[in-house]
Novice: 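I'd like to ask you about the structure that follows.
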Amino acid sequence: MSDSYTTDELMIINAARQLGALAADGKPVCFVGIGLPSTAANLARRLYNPPPVLVYESGCIGSKPTRLPLSIGDGELGETSDSVVSVPEIFAYWLQAGRVDIGFLGGAQLDRYGNINSTVIGDYNKPATRLPGAGGAPEIAASAGAVMIIMRQSKRAFVERCDFRSSVGFGDGPGHRERLGLRGGGPQWVITDLGVMAPSPDTCELQMVALHPGVTREQAVAATGWPLTFADAVPTTEVLTETELDALRQLQAA
Amino acid sequence: MSDSYTTDELMIINAARQLGALAADGKPVCFVGIGLPSTAANLARRLYNPPPVLVYESGCIGSKPTRLPLSIGDGELGETSDSVVSVPEIFAYWLQAGRVDIGFLGGAQLDRYGNINSTVIGDYNKPATRLPGAGGAPEIAASAGAVMIIMRQSKRAFVERCDFRSSVGFGDGPGHRERLGLRGGGPQWVITDLGVMAPSPDTCELQMVALHPGVTREQAVAATGWPLTFADAVPTTEVLTETELDALRQLQAA
Amino acid sequence: MSRVCSLTEAVAEMVHDGDTVALEGFTHLIPHAAGHEVIRQGRRDLHLVRMTPDMVYDQLIGAGCATRLTFSWGGNPGVGSLQRFRDAVENGWPHALQIEEHSHAGMATRYAAGAAGLPFGVLRGYVGTDLPQHTESITPIECPFTGEALTAVTALNPDVSIIHAQRGDRHGNVQMWGLLGVQKEAVLSARRSIVTVEEIVDEFQPVPGAVVLPSWVVGAVCEVPGGAHPSFAQDYSVRDNAFYRAWDAISKDRTAFTEWINRHVLGTSNFAEYRTSVGLEVGASV
Amino acid sequence: MSRVCSLTEAVAEMVHDGDTVALEGFTHLIPHAAGHEVIRQGRRDLHLVRMTPDMVYDQLIGAGCATRLTFSWGGNPGVGSLQRFRDAVENGWPHALQIEEHSHAGMATRYAAGAAGLPFGVLRGYVGTDLPQHTESITPIECPFTGEALTAVTALNPDVSIIHAQRGDRHGNVQMWGLLGVQKEAVLSARRSIVTVEEIVDEFQPVPGAVVLPSWVVGAVCEVPGGAHPSFAQDYSVRDNAFYRAWDAISKDRTAFTEWINRHVLGTSNFAEYRTSVGLEVGASV
């Protein structure tokens with residue numbers, strides 16, 4: 001075990017573990033964005049067998065990069081892919097058709113029903129902060145078999161209601177995805193620096209289902225903008241191993 | 001000059017001349033089917049500069065075959081193309097988008113308004129003769145800038161009204177293409193073994209605009225299933241030259 | 001992830017009586033061996049789908065495997081009619097064949113919609129023709145922005161699609177190149193899929209124009225060298241035009257056809273035996 | 001047939017004030033040199049379109065060329081915000097920027113519809129998000145067969161599309177490979193097009209994964225080696241990540257930005273001079 005690590009490492013390794021478990025469960029196909037999701041997915045490729053299959057919105061299918069890409073269109077991604085297709089094709093034939101098991105998202109705001117804002121803080125027409133925008137997220141959130149979210153937990157980011165709904169989680173609550181006709185399963189795991197959240201089976205509201213070693217319930221409540229609830233059992237996530245940390249650090253140094 | 005040639009050669013060379021003139025006029029892109037159209041288009045590539053640009057429905061763009069293909073998917077077509085695309089793409093991005101100058105069609109029946117039947121002779125549900133079907137023709141007839149038809153002229157084939165309308169020429173007459181919203185210009189030339197037909201500017205009805213050497217008006221009338229009219233001037237088509245015949249025969253022998 | 005297995009196993013497992021089955025190929029890479037295996041295993045009541053049904057569909061229809069055909073052009077390219085197809089439509093032999101008829105552009109749009117997980121596709125097509133009167137999967141649609149009149153067609157989602165490709169690898173990935181028609185869309189639109197390949201290799205070498213279908217969108221990969229014959233596989237074989245021409249005479253006559261199927265397809269246990277039976281091992285073409 | 005000419009001529013002839021202009025590129029092959037030439041020639045009131053506006057759009061916006069932006073994700077990939085884009089949207093500097101906002105899937109569908117000559121495209125998208133409230137080019141559509149609720153978006157048909165590719169030939173054909181984003185659709189959907197290329201060659205050699213755009217669908221082909229920098233052209237250059245990181249500081253400050261544009265873009269007469277000006281000839285990155 002190791003007790004010297006960053007919260008980024010904590011989130012990445014916990015996300016990679018989940019991806020490894022999903023790949024072992026026959027759900028390997030992962031649609032990833034750049035940043036923590038890409039790092040976690042690439043780490044899982046090194047740690048687990050069967051490895052996740054990486055799909056990038058730039059059209060790369062089955063990428064096996066030897067170093068971490070800085071951008072979604074990094075040359076390394078295309079050159080190590082099983083197949084490179086056009087952007088219209090990756091969204092239509094691959095994501096929309098339901099071939100992606102896990103969509104991997106982040107955002108500026110996340111609300112209690114797992115909806116994501118990556119568009120604006122404040123009013124749309126007079127934004128306090130203009131964010132980059134939705135990008136690929138709305139259709140990933142709609143069509144991926146399940147969605148994993150990685151975000152640092154804070155009252156500012158984990159809000160009662162998003163200023164703008166860029167991507168739909170469970171919308172306004174139970175049954176809303178079905179009414180909207182969304183085919184994917186919605187957010188199933190939110191990996192934060194404090195622990196892991198998952199939707200309550202009854203209310204669809206995100207609740208803490210695990211805490212990282214040393215994190216208290218009070219810290220989680222204080223970092224959440226809605227009245228946070230906890231699952232019946234809230235285990236502590238496994239301590240990061242030297243193997244995991246070494247693999248991650250080697251990957252980041254490559 | 002030569003007076004020893006087949007009617008196929010007569011039709012092919014007259015069609016090739018027209019394609020050569022169109023290419024010189026900045027309309028080189030020709031969507032061709034196998035058989036006489038493909039032979040004529042390939043002959044024009046050898047005889048004229050600028051040459052026509054050949055597009056085949058199998059996805060070949062800018063094919064430069066060195067021998068005549070027997071089928072639309074002949075390996076020679078793909079290997080000599082500037083680009084090979086999928087069949088959905090060739091129809092959507094290339095034909096439908098209006099990038100084809102000349103569509104080249106044949107058929108079992110042609111009616112006075114240039115509509116084509118390539119589906120059935122007799123009743124659709126109890127056909128006397130089941131033909132291969134429409135294939136690419138309906139959308140070629142709809143979207144190509146102009147359509148050239150090659151067919152052997154006879155009362156059985158050149159009919160008052162097609163048993164089945166597989167591809168639209170001028171529909172029921174003047175203004176019908178516009179009412180249907182068809183973007184292409186419709187049939188402009190019908191190359192037969194007796195001469196050349198074109199739509200009357202007033203009535204859209206096909207009329208003889210040229211006769212091949214030695215062919216009489218009476219022969220043309222007798223080979224047409226509607227009361228055939230003639231343009232004000234009906235020139236005789238140029239006699240086939242040795243250059244044309246040699247080029248065609250070399251092409252067919254290759 | 002796809003299975004690498006024999007064609008016999010793949011057809012037994014994936015093609016069922018009553019299925020909607022697309023064996024696609026646009027002159028190039030037509031899965032003849034797979035079509036023969038379907039005949040050999042005696043499948044019945046199939047709804048066959050293909051843009052360009054040619055010889056192998058003539059055989060499936062004549063052998064009594066199909067009760068329905070969805071298509072856009074049914075002929076023997078460069079030769080003439082499909083005699084068994086005509087006999088089924090005109091005379092109901094060996095039994096009636098219900099047809100659903102489209103244009104190429106419409107069929108391509110339908111496969112693309114199926115591959116994209118949409119229930120319909122849109123095109124500028126069919127307008128003014130007699131096809132929509134006879135085909136329920138064609139209907140008008142209006143542009144919600146401009147009001148312009150266009151045509152919608154239903155998506156195609158076969159129960160099984162079968163294609164032939166140049167290469168598979170041991171993980172069940174598929175690599176194909178040259179004229180690829182609607183084969184990618186056929187596989188991606190289908191619930192199950194079988195790909196016969198010229199050879200199974202350890203690793204793919206990049207080829208200009210090649211498409212790779214990853215193992216996880218393919219059902220089974222079966223090594224059947226020459227499995228497209230008399231169609232061809234670019235860089236492996238050439239089209240056997242003489243065989244296509246010879247088919248005309250065989251297929252014109254019900255008895256000649258039946259004898260041919262009995263002897264070469266039903267009388268052999270796999271494609272290698274079939275090839276010997278039709279004399280391909282010794283260089284003859286029929 | 002396309003013209004092979006200088007980028008200066010191509011922009012002068014094809015890009016007009018008030019045009020809808022798409023400079024496409026998905027991280028790879030971004031046409032920076034062409035963007036600079038548009039700034040240099042002082043175009044105004046442009047409606048810029050791009051899935052992923054990044055540094056070159058930040059420059060066009062900051063330089064006052066655009067009054068409208070249609071996009072789906074505007075950021076400096078791997079770095080952070082687009083400072084000039086934010087300043088325009090948040091503070092109206094140098095003037096207000098009207099935005100039309102989509103998702104990537106929606107933009108890709110719009111380009112594909114434009115390339116296909118259709119007035120709209122259909123996707124499973126946007127449903128339940130706040131985007132349709134703000135964007136008129138998104139509207140519900142019902143499947144005419146199943147009644148299922150889907151989303152329609154208007155086709156994109158830019159007045160001019162500009163892309164960067166690896167090779168052109170003397171006839172004006174274009175060859176490009178690697179990650180190709182929506183570049184083919186951008187060219188095919190546009191009324192006019194300009195392609196800058198790394199080099200003009202006598203004849204293309206086949207390259208795995210390459211797309212060829214024939215001369216007759218391209219407006220102008222301009223040889224601009226390195227014209228994607230700090231983006232890259234696979235097999236010609238690598239992405240200059242340091243330059244992207246450095247842009248953050250330059251673009252954060254209006255004065256620093258203006259000085260940078262004045263010195264390196266407006267103060268140079270072409271991309272070769274720009275490269276010298278920013279120190280690329282001597283290996284420095286800004």
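Order of the sequence lines sets the chain letters (A, B, ...), proteins ahead of strands, with each chain counted from 1. Worth saying up front: this structure is predicted, and the values here are computed from it rather than measured.
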Novice: Are C/Q175 and A/D82 packed together at the side-chain level, in the sense that at least one heavy-atom pair is separated by less than 4.5 angstrom?
Specialist: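 No, every pair of side-chain atoms sits at 4.5 Å or beyond.
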Novice: What are the residues of residues 114-125 of chain C, in order of number, with any heavy atom under 4.5 angstrom from a heavy atom of chain A?
Specialist: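 C/A115, C/A116, C/G117, C/L118, listed by number.
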Novice: Under a 4.5 Å heavy-atom cutoff, which of A/V29, A/L95, A/I61 has the most pairs with chain C?
Specialist: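 It is A/V29.
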Novice: Take atom NZ in A/K27; do more than 12 heavy atoms of anything else shown fall under 6.0 Å from it?
Specialist: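 No - once you tally the heavy atoms of other residues, nucleotides and ligands closer than 6.0 Å, there are 12 at most.
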Novice: If you check every heavy atom in residues 191-220 of chain C against those of chain A, which residues fall under 4.5 Å?
Specialist: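 Within residues 191-220 of chain C, the residues under 4.5 Å from chain A are C/V212, C/P214, C/W216, C/V217.
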Novice: Could you look at A/P28 and say if it's the side chain, the backbone, both or neither that has a heavy atom under 4.5 Å from chain C?
Specialist: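 Looking at A/P28, just its side chain touches chain C.
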Novice: Under the side chain to side chain donor-acceptor pair (under 3.5 Å) rule, what pairs show up with a residue in residues 177-186 of chain A, not counting sequence neighbours?
Specialist: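 Qualifying pairs: none.
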Novice: Can you measure from CD (A/E89) to NZ (C/K184) and round to the nearest 0.5 angstrom?
Specialist: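 Here the rounded value is 3.5 Å.
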Novice: Would you please name every residue forming a salt bridge (Lys or Arg N to Asp or Glu O under 4.0 Å) with A/R161, sequence neighbours left out?
Specialist: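 Result, salt bridge (Lys or Arg N to Asp or Glu O under 4.0 Å) vs A/R161: A/D172.
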Novice: Sort A/V84 into side chain, backbone, both or neither according to what part of it lies under 4.5 angstrom from a heavy atom of chain C.
Specialist: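 Neither part.
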Novice: Please check if atom CD in C/E148 has more than 12 non-hydrogen atoms from other residues, nucleotides or ligands closer than 6.0 Å.
Specialist: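 More than 12 within 6.0 Å, yes.
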